[in-house]
Amino acid sequence: MAVRVRIAPSPTGLLHIGTARTALFNWLFARHEGGEFRLRIENTDTSREVAEAVDQIQDSLRWLGLDWDGPHTFQLDRMDDCRRVADELLAAGKAYEDEGAIRFRMPEEGVTAWDDIVRGRIEYPNEKLEDVVIVRSDGRPTYNFASPMEDVWDGITHVIRGDDHIPNTPKQLNIIRAVGAEIPAYAHVPMIFGMDGKKLSKRHGADAVEEFRDAGYLPETMLNFLALLGWAPDGETTLIGRDELIQRFSLERVSSSPSQFDYQKLDWMNGVYLRELSPEEYAHRLLLWLGENGYDWDAELVTRAAPLVQEKIAKLSEFPGFAGFLFGNVEPDSADLDGGAPMLAAADAALASLEPFEATAIETALRAAADRLGLKPRQAFQPIRVAVTGSKVSPGLFESIELLGRETTLSRLRAAAGGAA
Ligand code: GLU
């Protein structure tokens, strides 16, 4: 039988990175097995906030490349079906009314147990299981009722979800049994912690997919990084692409202990993926990112600047800080220009009528000018860099000057010379 899995996010905001990781495990499992991956929204209303959150969840999943099968479904659409089943349970004596609510009658003796694919055998003594409310007094079915019923109606074969749901599982299992349906397999995947051993949250840094996207991480980085949070194909692999993930993924290799979210490792990995892109693809990603983040910068200039930064930045969001001098005015700190006046004047003279105005020629001319002043290149180039890029850290100086063009370069050198001692 083909497998069918689902992710069931609550539409309460941006897609948390932990839910995205769980979605990824579900998706990898489905694709590896040639089965289906469903998207199910656990909504309790149909407000504008819910609609927005659903859009965001879908955007984030799409951005990661996690495609789902069939249309997404809404929990709210199944409320009537849930109430109908609750009535049947009442009629059969498997549930009872309690102050207007409906409670499910849990077995009183023995144990409820299942062989969790990740955790192994888990057992709960039935005397410890409370009779859960399945329909509230206002008529709304609860999560512990709607969720397993949806699993039944959707023909879910494997429930792969966070291990914070382990305590819910014996209750859901008994409900599924009571309606005479087949019990799915369960795989409870470990939580994601920060490096301090606490559950990953805002305190640690970005914790929603969209935030990582805005920060300039590539989807292939996130896919690789998330896959290794709680799963590993072996003890060594750190770089692994989408196709190989699908091919090698198995629930048996999901770890049962919490995984740690290492932001430094993520930066490192993103740098690796960024440097691997072809120059054209790199420029394309930069343009996409800039467009999404409100930068209306000249595409041709971005494309020409891309090779200057590709080796240097670990996140696309570093581009504006690093190469922004090509697209707007600069405000050099006069302290960084101290003592630079003679060199700024010499650079001005060297570049004013230089032909061709290209990196190699620019370098030769500036080195010669530094020589004539008896300055070491490092010493000489600092004020020039500060004058034209506004910063002591920049892409290659000569390439930057070429891209900036003669006119802008000269006017920046002159403006800075005015302010330099
Ligand atoms: N909305 C729940 C969550 O995001 C779904 C739990 C489940 O998969 O059953 O944790």
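Read the numbers this way: they start at 1 and go in the same order the structure lists the ligands and their atoms.
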* **Geometric cation-pi criterion R378 and F381, 6.0 Å radius, 45° cone** => no
* Classify the angle between the aromatic ring planes of F249 and W231 as parallel (below 30°), tilted (30 to 60°) or perpendicular (above 60°). => tilted
* Structure fact -> By side-chain hydrogen bond (donor to acceptor under 3.5 Å, both in side chains), D69 pairs with (sequence neighbours left out) R31
Could you pull out every N or O of ligand 1 that sits under 3.5 Å from a protein N or O, with the distance for each pair?
residue  : atom   : partner : partner atom : Å
ligand 1 : 1 (N)  : A8      : O            : 2.8
ligand 1 : 1 (N)  : S10     : OG           : 3.0
ligand 1 : 1 (N)  : E42     : OE1          : 2.7
ligand 1 : 8 (O)  : R6      : NH1          : 2.6
ligand 1 : 8 (O)  : R6      : NH2          : 3.3
ligand 1 : 9 (O)  : R6      : NH2          : 3.0
ligand 1 : 9 (O)  : Y143    : OH           : 2.8
ligand 1 : 9 (O)  : R161    : NH1          : 2.9
ligand 1 : 10 (O) : H165    : NE2          : 2.7

Do the side chains of [X] and [Y] get close enough for a salt bridge, i.e. N-O under 4.0 angstrom?
X    : Y    : answer
D151 : R38  : no
D59  : R62  : yes
E211 : R213 : no

